[in-house]
Visitor: 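Quick one: the structure is below, and I'll ask about it shortly.
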Amino acid sequence: MSETANIIDATLIAQGVGALILAILLGSFYRHYGKSYLRQWAWSWWMLALFTIAGAAVGGPEGGAISIALAVVRSAAGYLAVGFLSLGCWEIATRRPARLSFTRRLLVSLALFGVASWLGAWLAAGSPVVVRTVGEGLRFLVAGAAFIAMAAYVLTKRERDRGLGFTLVGIALLTYGLQQLHHFALSMTGPGLDGAVGYAYWLGYVDFLLQALLGLGMVTCLLEDERQAAILASNEIEHLAYHDALTGLPNRPLFIDRLIVAIAHATRHRQKLAVFFMDVDGFKDINDTLGHSLGDSLLKAIAERVRRCVRAEDTVSRFGGDEFTLLVQPIDRIEDAARIAQKLLTAVKQPFVIGEHELFVSVSIGISLFPADGADAETLVKNADTAMYRAKEHGRDNYQIYAPAMNARALERLSLENHLRRALDNGELDIYYQPLIDLGSRSVYGAEALLRWRHPEQGILSPYHFIGTLESSGLILPVGDWILHQACRQVRTWSETHGVDLAISINLSARQFQQPDLVDRVRAALEQSGLAPGRVELEITENNAMQNAEHSIRILRELKSLGVQIAVDDFGTGYSSLNYLKRFPIDTLKLDQSFVRDVTEDPGDAAIATAVISMARELKLTVVAEGVETEEQLAFFSSRGCSRLQGFLFSRPLPAAEFGEFLRLGAGLAVLGGIAEPKAP
């Protein structure tokens, strides 16, 4: 064996030992950190160690079986080293592991290619020189091209966060790739370097140094990758702490922080800013009927629309639940705030298509201005919230700009809610009953149960004064249950006392109608009172029925299966689709008193009332005219064939004791004496 061959074998063994050390080191790092690229790199060094040691063992091949086997193993290991190294570089550059199926296909292909390339050259030529030239040269060419490509990928892919480790790996791969191409060029020159002992020595030394540089770069990459992962995790934790997980918007703490900074800036520059407080109208009903998943999707869609309505420098936050806040700075005039609020209202009112549902929602908006409405963040947000509640009280789907008088109203609302929480337990709530009159039989056929509050200081209060607070606080649910049970028991008592079969009409609030166990609650009230289901009429408003028509149809059918009657209250004031009205399993339409009041003077109201009665007749529904107060109104509805009436002309709502006396004496029915029976439908 020549002196050059001895030198080459020595350097190959040195490279193999170095590769083994790096393979063991990276393997231990992989077991500790669990990074998949470390496993790929460890295997690449194992393959390189096998490649170099097999090369030293082959020596100058004379074609023996052992020499051929070692040469085949060396060729396959050389290609696998390139494959594992490439996979590791790709994984650390992209921060994700390669797919297992792709990894297997790549490595098997490279191993087979390595074996085939060497065997093919050996079978074709049979000359060790030709085999070395073709087999070794092809591997040098592939490795050189792969290393240069990997260097470019690592250096460009991690350009932003490239530190010393990635730079070392990139430079080492680039230089190592050029070195492999240099080996390729040498393999093409012929017999080799037998006469160039010094050059062979330095060439092996350069290979060893480049491998050491690559190994050092890999270890440094690991340290930098861990540091960057810690930074990313810290940033993610900070983002989660200050942003809403559902919408990605800033959350309450971040909004308050930005508002504090904005106030300081506005104070220095004598500027104004505006705080908007938005609440989605009726969101709880959507959540209860369609589920929280759809509700979450709706909130994300609303957040996106709101974000599109404002500038990038404005802050939109999800304050909590279905509440959003908006900070606009600077703002010159109060009219600018009003214009933004109107833009938000218009954007949100456009229909949302989520899954198979088309949803129509609105928001109520309150606005406070700095410095007029507060000098600190807490006050500005509180006053915007107060203005938002004022918008709710004005019918929702509108905005209100804060005024100092609203605080008094907010305190009054809070006090009212606290008193209401005690009213039911203290026995201050009462039910009044207004008679329902049948023209045909000229008798009382039933009563509508109406809530009253015997306030210890303000006297008898109608629901107008407190129903909104009952709804917003959720107290309407226990109060509604109490009304249902109490009214059913009372009607059963009257029926036994006076020997009449009275019907009782009970209003269901929007919150009650959305209760998942509403049917069970109604069933329980019927069973406990012993009242026949057919004598109970449950009233829902037209708007509540249409809010989610398909859900309403399902609930109404379940209620009808109990045997109760269903009425649509305030008919004519909402937005009913006649197609849905036909599908609703209802028995009665209650014509709203706004059409009854001027029915004898306003041709439009008369036409609407006549049309409703005619339509109901065709649909085989009963019509009840609410708010009849004059004999002229009575005569009008009698002439139109409307046989069911209700109003002050017959009786105001009465406490239970007085209603019983009304039944006994037949009071209030004398007005029917001169009225002809309604014409037959």
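Below, each value reflects all heavy atoms present in this structure, side chains not excepted, and no hydrogens, waters or symmetry copies. Numbering starts at 1 and runs along the sequence shown.
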Visitor: Checking the side chain of Arg305 only, and the main-chain atoms of Ala347 only, is there a donor and an acceptor separated by less than 3.5 Å?
Guide: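 Yes; at least one donor-acceptor contact below 3.5 Å.
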Visitor: With sequence neighbours excluded, what pairs up with Arg308 under the salt bridge (charged side-chain N to carboxylate O under 4.0 Å, His left out) test?
Guide: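 Testing Arg308 for salt bridge (charged side-chain N to carboxylate O under 4.0 Å, His left out), a comparison that skips the adjacent residues, returns Glu304.
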Visitor: With rounding to the nearest 0.5 Å, note down the distance linking CG in Leu645 to CG in Leu591.
Guide: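 Spacing of CG (Leu645) from CG (Leu591) equals 10.5 Å.
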Visitor: What residues, two or more places apart in sequence or in another chain, satisfy salt bridge (charged side-chain N to carboxylate O under 4.0 Å, His left out) together with Arg554?
Guide: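 Testing Arg554 for salt bridge (charged side-chain N to carboxylate O under 4.0 Å, His left out), a comparison that skips the adjacent residues, returns Glu558.
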Visitor: Which salt bridge (charged side-chain N to carboxylate O under 4.0 Å, His left out) pairs, counting each pair once, include a residue from residues 253-265, with sequence neighbours left out?
Guide: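 Sorted result for residues 253-265: empty, none.
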Visitor: For the backbone of Ala391 and the side chain of Asn398, can you confirm whether one donor and one acceptor N or O come within less than 3.5 Å of each other?
Guide: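 Side chain of Asn398 to backbone of Ala391, a donor-acceptor pair under 3.5 Å: yes, one is there.
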Visitor: With a 4.0 Å cut-off, would you call Glu539 and Lys590 a salt bridge?
Guide: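 Result for this pair is yes, salt bridge flagged.
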Visitor: Do Lys560 and Asp587 meet the salt-bridge criterion of a basic N to acidic O distance under 4.0 Å?
Guide: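 Here Asp587 pairs with Lys560 in a salt bridge, since their nearest N and O are under 4.0 Å apart.
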Visitor: Tell me yes or no: between the side chains of Thr386 and Asn383, is some donor less than 3.5 Å from an acceptor?
Guide: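 Checked: Thr386/Asn383 side chains show no N/O donor-acceptor pair below 3.5 Å.
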Visitor: If only side-chain N and O atoms count, and only distance matters, is there a donor-acceptor pair under 3.5 Å linking Arg652 with Gln434?
Guide: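 No, no side-chain donor-acceptor pair sits under 3.5 Å.
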Visitor: What are the two closest heavy atoms between Ala377 and Ile263, and how far apart are they?
Guide: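 Residues Ala377 and Ile263, closest heavy atoms: N-CD1, 3.5 Å.
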Visitor: Can you measure from CG (Asp592) to CG (Asp569) and round to the nearest 0.5 angstrom?
Guide: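 Going from CG on Asp592 over to CG on Asp569, the span is 7.5 Å.
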Visitor: List the atom pairs, with distances to 0.1 Å, where a side-chain N or O of residues 426-433 and a protein N or O form a donor-acceptor pair under 3.5 Å, not counting sequence neighbours.
Guide:
from: Asn426; atom 1: ND2; to: Arg422; atom 2: O; distance (Å): 3.2
from: Glu428; atom 1: OE1; to: Trp453; atom 2: NE1; distance (Å): 3.0

Visitor: Return yes if some donor-acceptor pair links the side-chain N/O of Gln342 with the main-chain N/O of Ala338 below 3.5 Å, else return no.
Guide: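 A pair under 3.5 Å: no.
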Visitor: State which residues pass side chain to side chain contact (heavy atoms under 4.5 Å, CB included) with Ser614; sequence neighbours excluded, sorted by chain then number.
Guide: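 With neighbours one apart ignored, the set is empty.
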Visitor: Kindly write out the residues that satisfy ring-ring contact (aromatic ring centres under 6.0 Å, His included) with His292, not counting sequence neighbours, or none if the list is empty.
Guide: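 With neighbours one apart ignored, the set is empty.
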Visitor: Assess the side chains of Asn507 and Glu448: does a donor N or O sit below 3.5 Å from an acceptor N or O?
Guide: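 Judged by distance alone, the side chains do pair up.
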Visitor: Under the rule for side chain to side chain contact (heavy atoms under 4.5 Å, CB included), what residues qualify as partners of Ser293, not counting sequence neighbours?
Guide: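 For Ser293 there are no side chain to side chain contact (heavy atoms under 4.5 Å, CB included) partners, ignoring immediate neighbours.
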Visitor: Pairs in or reaching into residues 330-340: which pass side chain to side chain donor-acceptor pair (under 3.5 Å), with residues at least two apart or in two chains?
Guide: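 Sorted result for residues 330-340: Arg333-Asp336.
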Visitor: Does either side chain, that of Thr588 or that of Glu537, offer a donor lying less than 3.5 Å from an acceptor on the other one?
Guide: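 Looking only at side-chain atoms, Glu537 and Thr588 do form a donor-acceptor pair, the distance falling under 3.5 Å.
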Visitor: Of all the heavy-atom pairs spanning Leu621 and Ile586, show the shortest one and how long it is.
Guide: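 Looking at all heavy atoms of both residues, the closest pair is CD2-O, 3.2 Å.
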Visitor: With a 4.5 Å limit on heavy-atom distance, are the side chains of Ser317 and Phe324 in contact?
Guide: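 With C-beta onward as the side chain, the pair stays apart.
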Visitor: If you take all heavy atoms of Cys488 and Ile506, which pair is closest and at what distance?
Guide: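 Looking at all heavy atoms of both residues, the shortest contact is SG-CD1, 4.3 Å.
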Visitor: Does a sphere of radius 6.0 Å around CG in Leu246 hold more than 12 heavy atoms from other residues, nucleotides or ligands, not counting ones at 6.0 Å or beyond?
Guide: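 Enclosed.
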Visitor: Only counting residues at least two apart or in another chain, list the ones meeting salt bridge (charged side-chain N to carboxylate O under 4.0 Å, His left out) with Asp520.
Guide: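 With sequence neighbours excluded, Asp520 shows a salt bridge (charged side-chain N to carboxylate O under 4.0 Å, His left out) to Arg523, given in chain and number order.
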Visitor: Between Gln329 and Ala262, is there a donor-acceptor pair closer than 3.5 Å when you use the side chain of the first and the backbone of the second?
Guide: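 A pair under 3.5 Å: yes.
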Visitor: Does any N or O in the side chain of His485 come within less than 3.5 Å of the main-chain N or O of Asp481, such that one atom is a donor and the other an acceptor?
Guide: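 Judged by distance alone, yes, a pair lies under 3.5 Å.
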Visitor: With a cut-off of 3.5 Å and sequence neighbours excluded, list every side-chain donor-acceptor pair involving residues 358-373.
Guide:
from: Ser362; atom 1: OG; to: Asp281; atom 2: OD2; distance (Å): 2.7
from: Ser364; atom 1: OG; to: Asp281; atom 2: OD1; distance (Å): 2.7
from: Ser364; atom 1: OG; to: Asp281; atom 2: OD2; distance (Å): 3.4
from: Ser368; atom 1: OG; to: Leu380; atom 2: O; distance (Å): 2.7
from: Asp373; atom 1: OD2; to: Leu369; atom 2: N; distance (Å): 2.8

Visitor: Among pairs that include at least one residue of residues 596-610, which meet salt bridge (charged side-chain N to carboxylate O under 4.0 Å, His left out), considering only residues two or more places apart or in two chains?
Guide: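 Every candidate salt bridge (charged side-chain N to carboxylate O under 4.0 Å, His left out) pair involving residues 596-610 fails, so no pair, neighbours aside, qualifies.
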Visitor: Would you find a donor on one side and an acceptor on the other, under 3.5 Å apart, between the side chain of Gln633 and the backbone of Val599?
Guide: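 Checking the backbone N and O of Val599 against the side chain of Gln633, no donor-acceptor pair under 3.5 Å is found.
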Visitor: Can you name the closest pair of heavy atoms from Val280 and Lys392 and give their distance?
Guide: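 That would be O-NZ, 3.8 Å.
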Visitor: What is the minimum heavy-atom distance between Arg644 and Thr622, and which atoms define it?
Guide: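 Looking at all heavy atoms of both residues, the closest pair is CG-CG2, 3.6 Å.
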Visitor: Holding to ring-ring contact (aromatic ring centres under 6.0 Å, His included), I want the full list of residues that pass it with Phe277, two or more places apart in sequence or in another chain.
Guide: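 Result, ring-ring contact (aromatic ring centres under 6.0 Å, His included) vs Phe277: Phe319.
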Visitor: Taking Ser509's backbone N and O only, do any of them form a donor-acceptor pair with Gln512's side chain (distance below 3.5 Å, no angle check)?
Guide: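 The answer is yes, because a donor-acceptor pair under 3.5 Å joins these two groups.
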Visitor: Please report the shortest heavy-atom distance between Pro463 and Arg452, naming the atom on each side.
Guide: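 Shortest heavy-atom contact: CD-NH1, 3.3 Å.
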